[in-house]
Amino acid sequence: MIVRTLAEVKQGENSVRTDTFESNRLLIARDGVGFSLNHTVLYAGTVTHIWYKNHIEAVYCLSGKAEIECLADGKTYTIEPGTLYTLNGHEEHNLHAIEDFECLCVFDPPLTGREVHDADGVYPLLKEEKQVKSA
C-alpha cells in the first residue's frame, strides 16, 4: 500500500515548479503501479505549450478555469471543474489558464518524476532503473 500526502510531495524532489505551473508527482514509475498521477496547478494568466509525443495524458479539473487549444485544428475547449480531457492522440496544444487551474493528471507510460518540458513542450521518455512492486 502507498500512502502519501500532497504536502509531503511538495517538500520533496518530485515537485516541479516553472513560471507557468507547479506539478507534484504523487505516483511515479518506481511506485510500480503502471501509471503516474500528478497534482498540477497552472497559474492564472499563463499559457503553457505542451506536446506529449511519448505519453498519453488524462486531465481532470478540480478547480479553476482554462482553455485548451489544439494546434492541429485550432479548436478550443473550455475546461472547468468536473471536466476531463484526454490527449489520446498526442495532440500538441496550448493550455491557457484563465484562473488558477488545479487538476489531476494521469500519465501512461508513468513519469519518473524528473521530467520537465523541453523547447517543444515534450516530456522525454525516461526509464527507471528499478521499479518497486506494490504490496
Side-chain angles (χ1 to χ4, degrees):
M1 178 182 291
I2 299 168
V3 177
R4 62 179 57 112
T5 68
L6 179 58
E8 291 169 337
V9 173
K10 283 185 173 190
Q11 299 302 315
E13 64 184 2
N14 293 328
S15 182
V16 174
R17 291 174 179 83
T18 73
D19 291 340
T20 63
F21 68 88
E22 173 184 318
S23 179
N24 297 290
R25 284 79 191 268
L26 298 165
L27 290 171
I28 57 175
R30 75 170 170 247
D31 292 321
V33 297
F35 60 92
S36 59
L37 177 67
N38 297 355
H39 176 271
T40 301
V41 177
L42 290 101
Y43 308 131
T46 63
V47 178
T48 305
H49 176 241
I50 307 170
W51 186 16
Y52 295 122
K53 292 196 273 187
N54 302 311
H55 299 84
I56 300 293
E57 181 193 31
V59 177
Y60 181 76
C61 178
L62 299 170
S63 67
K65 184 176 182 180
E67 290 183 346
I68 185 169
E69 171 192 9
C70 182
L71 297 182
D73 61 14
K75 290 184 181 177
T76 300
Y77 304 89
T78 299
I79 311 299
E80 297 178 303
T83 304
L84 165 85
Y85 68 89
T86 302
L87 299 159
N88 57 318
H90 304 280
E91 293 87 356
E92 184 175 7
H93 61 284
N94 287 324
L95 195 54
H96 302 261
I98 298 165
E99 302 169 0
D100 278 356
F101 180 71
E102 179 185 17
C103 55
L104 290 176
C105 309
V106 176
F107 284 88
D108 180 36
L111 301 180
T112 67
R114 300 183 311 270
E115 291 83 359
V116 293
H117 293 113
D118 67 15
D120 290 327
V122 176
Y123 278 160
L125 189 56
L126 301 176
K127 299 276 187 189
E128 279 297 322
E129 292 178 20
K130 178 181 175 186
Q131 288 203 351
V132 176
K133 295 205 178 215
S134 308

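Computed from a predicted model, the values in this text were never measured in an experiment.
When hydrophobic clusters are built by joining Ile, Leu, Val, Met, Phe, Trp and Tyr residues whose side-chain heavy atoms come closer than 4.5 Å, directly or via intermediates, L37 is grouped together with I2. The hydrophobic cluster containing V47 does not contain F21, counting ILVMFWY residues as joined when their side-chain heavy atoms lie under 4.5 angstrom apart, directly or transitively. Under a hydrophobic-cluster definition in which Ile, Leu, Val, Met, Phe, Trp and Tyr are linked whenever side-chain heavy atoms come within less than 4.5 Å, directly or via other members, V106 and L84 are assigned to the same cluster.
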If you apply the rule side-chain hydrogen bond (donor to acceptor under 3.5 Å, both in side chains), what do you find for H39 with E102, and how did you get there? CA-CA 7 Å; H39 176 271; E102 179 185 17; 2.7 Å; yes
Before you tell me yes or no, could you show the steps for K10 and R17 under side-chain contact (heavy atoms from CB on, under 4.5 Å), namely the whole-Å CA-CA distance, both residues' side-chain angles and the distance that decides it to 0.1 Å? CA-CA 10 Å; K10 283 185 173 190; R17 291 174 179 83; 4.1 Å; yes
In sequence, state the C-alpha distance, the side-chain angles, and the governing distance for E22 and V16, and then conclude on side-chain contact (heavy atoms from CB on, under 4.5 Å). CA-CA 6 Å; E22 173 184 318; V16 174; over 6 Å; no
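Judged by distance alone, with hydrogens and angles left aside, the side-chain atoms of H93 form a donor-acceptor pair with the main-chain N or O of I50 at under 3.5 Å. Distance alone, capped at 3.5 Å, is enough to place a donor-acceptor pair between the D73 side chain and the K75 backbone. In this structure, S36 contributes its side chain and I28 its backbone to no donor-acceptor pair below 3.5 Å. Formation of a donor-acceptor pair under 3.5 Å by the D100 side chain with backbone atoms of A44 is found in this model. Side-chain N or O atoms of T86 include none that pairs as donor or acceptor with a backbone N or O of N88 at under 3.5 Å. Here the side chain of H90 pairs a donor or acceptor atom with the backbone of Y52 at under 3.5 angstrom. Side-chain atoms of E8 come within 3.5 Å of backbone N or O of T5 as a donor-acceptor pair. Within the 3.5 Å criterion, the main-chain N or O of L26 finds a donor-acceptor partner in the side chain of R4. One N or O on the side chain of T46 and one on the backbone of Y43 form a donor-acceptor pair closer than 3.5 Å.
Two residues are said to be in side-chain contact when any heavy atoms from C-beta on lie closer than 4.5 Å; F101 and I79 meet this criterion. Side-chain atoms of I56 and F35, non-hydrogen and from C-beta on, never get closer than 4.5 Å to each other. Between E91 and E57, the closest side-chain pair of non-hydrogen atoms is not below 4.5 Å.
Atom CG of residue L87 and atom CZ of residue F107 lie 8.5 Å apart, to the nearest 0.5 angstrom. From E80, atom CD reaches atom CG of L62 across 13.5 Å, with rounding to the nearest 0.5 Å. In this structure, CG on L71 lies 9.5 Å from CH2 on W51, to the nearest 0.5 angstrom. Taken to the nearest 0.5 Å, the CD1 atom of I98 stands 5.0 Å off from the NZ atom of K65. Put simply, CG on L27 and CG on L111 are 11.0 Å apart, with the number rounded to the nearest 0.5 Å.
Nearest heavy-atom pair across S15 and N24 is OG-OD1, 2.6 Å. Across S63 and P81, no two heavy atoms sit closer than the pair CA-CG, 3.7 Å. Annotation for G34 and P110: closest pair O-CD, 3.8 Å, computed over non-hydrogen atoms. For the residue pair A97 and A66, the shortest heavy atom distance occurs at CA-CB, 4.2 Å. Among all heavy-atom pairs drawn from T40 and N38, the shortest one is OG1-CB, 3.7 Å. When all heavy atoms are compared, the tightest approach of C103 to L42 is SG-CD1, 4.4 Å.
Applying the 6.0 Å contact sphere to CG of D19 captures no more than 12 heavy atoms from other residues, nucleotides or ligands.
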